[in-house]
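These numbers come from the heavy atoms of this one structure, side chains and all, not from hydrogens, waters or symmetry mates.
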Amino acid sequence: MLVLVVTAVTAERDAVVRGASPAGDLQEVPVPGGLLHRVRHPAGPVFDVLAAGVGPGAAGAGAAAALAAAELRSHPYDLVFSAGIGGGFQPAAPVGSLVVSVAVVAADLGAETPDGFRSTAELGFGAVAHQAPERLVRAVAEATGAAPGTVLTVSTATGSAERAAELAARHPGALAEAMEGFGVAEAAAAHGVPVLELRAVSNPVGPRDRAAWRIGEALAVLGRAFDRPAAGLADLPDPADTADTADTADTANTAADRLEADPADRPETEEERTP
């Protein structure tokens, strides 16, 4: 299985790489506008990890470039993660916990009206949510201990109790907020690849109290999360089988399998790096 993981910043990327590749094997793969860090977990899955930048625009552009480059190399991705740290809605998602998306929702994409906020979907200008395949969510939640719930994408991080309460009222199932997921989900949907968002909670959603943030702890949780599902990815339902369609195409030939046939696109082993 070949998996694209899109983070905002390098600290998140490095946490994912450490978790997904305990042995430290790493190959750098250039893509337009960025650099993938490719690692193979001992259990077999290959992870391409990209620090694409902060916000849905940068994350979506980076994800789209990586997805297109993979297709041009005839090694399309089987699954996409938007991953990193984020804020948790209290008390459902305490600091140090992990959340996996049942849906990724653009929470502030819309317009303010005299009657309150209206999303672009309500205005008739397109979708603001991407639902994740239920069986895939369940499998990742069981492998990592993550709580399944809605993850909100915001362009401005919440900094007040009033805004937190407003978002929670508009999105009763929301467990976390971050700034990149919807952009990544839009790119994945355009390429027909299933997408999940995985967030380690570093702070409560609400008033900004930097003394209460636990960024280091959340990064450690994030890294461990990518070790656990990596070990069990071979047992996860094939992403192509998670959609409610009648497609019965053979899905055994995953992108990771195809990498084996192209040595230039796989991580080097320790022996190969040694002169």
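In plain terms, the two heavy atoms of Val39 and Asp25 that are nearest each other are CG1-O, 2.9 Å. The minimum heavy-atom distance between Ser155 and Pro56, with the atom names listed, is OG-CG, 4.1 Å. Here the closest heavy-atom approach between residue Val154 and residue Ala107 is recorded as CG1-CB, 4.1 Å. For Ala66 against Val31, the heavy-atom pair with the smallest separation is CA-CG1, 4.4 Å. The shortest non-hydrogen separation linking Leu50 to Gly62 is CD2-O, 3.4 Å. Taking every heavy atom of both residues into account, Val128 and Leu109 meet most closely at CG1-O, 4.1 Å.
Distance check, rounded to the nearest 0.5 Å: OG1 of Thr150 to CD of Glu177 gives 13.0 Å. With rounding to the nearest 0.5 angstrom, the CG atom of Leu2 is 9.0 Å from the CZ atom of Arg40. In this structure, NE2 in His171 is found 8.0 Å from OG in Ser119, a value given to the nearest 0.5 Å. Distance CD/Gln27 to CG/Leu36: 9.5 Å, rounded to 0.5 Å. Taking NE2 of His191 as the reference point, atom CD of Glu71 lies at 5.5 Å (rounded to 0.5 Å). Atom-to-atom distance recorded for Ser101:OG and Phe182:CZ is 12.5 Å, nearest 0.5 angstrom.
Considering only residues two or more places apart in sequence or on other chains, Ala147 meets the side chain to side chain contact (heavy atoms under 4.5 Å, CB included) condition with Leu175. Applying the side chain to side chain contact (heavy atoms under 4.5 Å, CB included) criterion to Asp209, with sequence neighbours excluded, gives Ala211, Ala212.
In this model, no donor atom of one side chain and acceptor atom of the other lie less than 3.5 Å apart for His37 and Asp48. Under the 3.5 Å distance criterion, with hydrogens and angles disregarded, no donor-acceptor pair is assigned to the side chains of Thr153 and Glu180.
In the hydrophobic cluster analysis, where Ile, Leu, Val, Met, Phe, Trp and Tyr join through side-chain heavy atoms closer than 4.5 angstrom, Val102 is grouped apart from Val151. Linking Ile, Leu, Val, Met, Phe, Trp and Tyr whenever their side-chain heavy atoms come within less than 4.5 Å leaves Leu167 and Val99 in two separate clusters. Placement of Val137 and Leu198 within a single hydrophobic cluster is found when ILVMFWY residues are connected by side-chain heavy-atom separations under 4.5 Å, directly or transitively. Transitive grouping of hydrophobic side chains (ILVMFWY, heavy atoms separated by less than 4.5 Å) brings Leu152 and Val205 into a common cluster. Under a hydrophobic clustering in which Ile, Leu, Val, Met, Phe, Trp and Tyr are joined whenever their side-chain heavy atoms come within less than 4.5 Å, directly or via other members, Val105 and Val100 fall into different clusters.
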Extract all donor-acceptor atom pairs below 3.5 Å that involve side chains of residues 80-98 and protein atoms in other chains or at least two apart in sequence.
| residue | atom | partner | partner atom | Å |
| --- | --- | --- | --- | --- |
| Ser82 | OG | Arg199 | NH2 | 3.4 |
| Gln90 | NE2 | Gly88 | O | 2.9 |
| Gln90 | NE2 | Ala93 | O | 2.8 |
| Ser97 | OG | Pro94 | O | 2.6 |

Intermediate values then yes/no, side chain to side chain contact (heavy atoms under 4.5 Å, CB included), Leu196 and Leu136: CA-CA 8 Å; Leu196 294 172; Leu136 197 56; 3.9 Å; yes

Verdict with reasoning, Arg163 to Asp108, per salt bridge (Lys or Arg N to Asp or Glu O under 4.0 Å): CA-CA 11 Å; Arg163 174 77 188 285; Asp108 54 7; 3.8 Å; yes

CA sep, side-chain torsions, deciding dist, call: Val3, Asp78, side chain to side chain contact (heavy atoms under 4.5 Å, CB included): CA-CA 6 Å; Val3 182; Asp78 299 300; 5.7 Å; no

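With contacts defined as side-chain heavy-atom distances shorter than 4.5 Å, the pair Arg38/Leu26 does not qualify. Looking only at side-chain heavy atoms (C-beta outward), Leu222 and Glu12 come within less than 4.5 Å of each other. Using a 4.5 Å cut-off on side-chain heavy atoms (C-beta onward), Val195 and Val104 make no contact. Contact annotation: the side chain of Pro133 approaches that of Pro194 to within less than 4.5 Å [non-hydrogen atoms, C-beta and beyond]. The shortest distance between side-chain heavy atoms of Trp213 and Arg208 falls below 4.5 Å. Using a 4.5 Å heavy-atom cutoff, the side chains of Val54 and Met179 are in contact.
For Thr144 (side chain) and Val140 (main-chain N/O), a donor-acceptor pair under 3.5 Å exists by modelled atom type.
Ring pair Phe226/Phe47 is perpendicular by interplanar angle, where above 60° counts as perpendicular and below 30° as parallel.
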